[in-house]
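Below is one structure; the comments refer to it alone.
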Amino acid sequence: MALFTAKVTARGGRAGHITSDDGVLDFDIVMPNAKKEGQTGTNPEQLFAAGYAACFGGALEHVAKEQNIEIDSEIEGQVSLMKDESDDGFKIGVTLVVNTKDLDRDKAQELVNAAHEFCPYSKATRGNIDVKLELK
């Protein structure tokens, strides 16, 4: 049973527009090279990076709270579009750069690993795309 369902409609693919059912998301989608030509908008990789970073941050806070650790963290999601040699198409790769501010590095790494096991985005991508975790 779903606890929550997000609804977003995309029209026109990678050169189109997205809108969420609540109107919060309302963006043109542009190809990365179109930004160099002055077009403004976002792209699927940027949206995925935002979602994964936010979800991972929530998972990190959750696992820290379970251990009674107060954490001040910042997650930078980096999603790269890459050539897929297996079918001459494309694939994505993710790097999550985690800054846990003043937390002991060993404890921070432990929490990051636990968050990666708990995070719904990590579960969804596990075994499908390369995800690198970097502790800043």
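Contact of the Phe90 side chain with the Met82 side chain is not registered, since no non-hydrogen atoms from C-beta on lie closer than 4.5 Å. In this structure, the side chains of Gln67 and Lys107 come closer than 4.5 Å at one or more pairs of heavy atoms. Proximity of Arg11 to Thr19: side-chain heavy atoms (C-beta onward) are separated by under 4.5 Å at one or more points. Counting only heavy atoms from C-beta outward, the side chains of Gln78 and Val97 approach each other to under 4.5 Å. At a threshold of 4.5 Å between non-hydrogen side-chain atoms, the residues Glu110 and Val63 do not count as touching. Taking the side chain as every heavy atom from C-beta outward, Thr95 and Glu134 approach each other to under 4.5 Å.
The neighbour count for Asp87 CG, taken as heavy atoms of other residues, nucleotides or ligands under 6.0 Å away, is above 12. Other residues, nucleotides and ligands place no more than 12 heavy atoms under 6.0 Å from the NZ atom of Lys7. In the displayed structure, Lys101 atom NZ is contacted under 6.0 Å by more than 12 heavy atoms of other residues, nucleotides or ligands.
For the residue pair Gly77 and Ala53, the shortest heavy atom distance occurs at N-CB, 3.8 Å. When all heavy atoms of Val24 and Asp22 are compared, the pair lying nearest together is N-OD1, 3.0 Å. Heavy atoms only, all atoms of each residue included: Arg105 and Leu135 are closest at NH2-O, 3.3 Å.
Lys83 places a side-chain N or O within donor-acceptor distance of the main-chain N or O of Asp88, the cut-off being under 3.5 Å.
For the atom pair CG of Asp21 and OG1 of Thr5, the computed distance is 10.0 Å after rounding to the nearest 0.5 Å. In this structure, the separation between OG on Ser122 and CG on Leu133 is 7.0 Å, given to the nearest 0.5 Å. Note that the OG1 atom of Thr42 and the CG atom of Leu25 stand 9.5 Å from one another [nearest 0.5 Å]. Annotation: the span from Arg126 atom CZ to Asn128 atom CG amounts to 10.5 Å, rounded to 0.5 Å. Atom SG of Cys119 sits about 5.5 Å away from atom OH of Tyr52, to the nearest 0.5 Å. For the atom pair CD1 (Ile71) and CD (Glu61), the distance works out to 7.5 Å, reported to the nearest 0.5 Å.
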Step by step, would you call Phe56 with Val112 a side-chain contact (heavy atoms from CB on, under 4.5 Å)? CA-CA 9 Å; Phe56 193 87; Val112 165; 4.0 Å; yes
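By the 4.0 Å N-to-carboxylate-O rule, Asp130 lies too far from Lys91 to be salt-bridged with it. Ion pairing between a basic and an acidic side chain is recognised when a charged N comes within 4.0 Å of a carboxylate O; Glu45 and Arg14 show such pairing.
Of the candidates Leu81, Ile92, Ile29, Val79, Pro44 forms a side-chain contact (heavy atoms from CB on, under 4.5 Å) with just one, namely Ile29. Of the candidates Val98, Leu103, Thr100, Leu103 is the only one forming a side-chain contact (heavy atoms from CB on, under 4.5 Å) with Leu111. Checking Asp26, Leu47, Thr9 one by one against Ile18, the side-chain contact (heavy atoms from CB on, under 4.5 Å) holds for a single residue, Leu47.
With sequence neighbours excluded, no residue satisfies side-chain hydrogen bond (donor to acceptor under 3.5 Å, both in side chains) with Glu74.
Taking hydrophobic clusters as Ile, Leu, Val, Met, Phe, Trp and Tyr residues chained together by side-chain heavy-atom distances below 4.5 Å, Phe48 does not share a cluster with Val8.
There is no side-chain donor-acceptor pair under 3.5 Å between Asn113 and Glu117.
In this structure, the ring of His62 has its center less than 6.0 angstrom from the ring center of Phe118.
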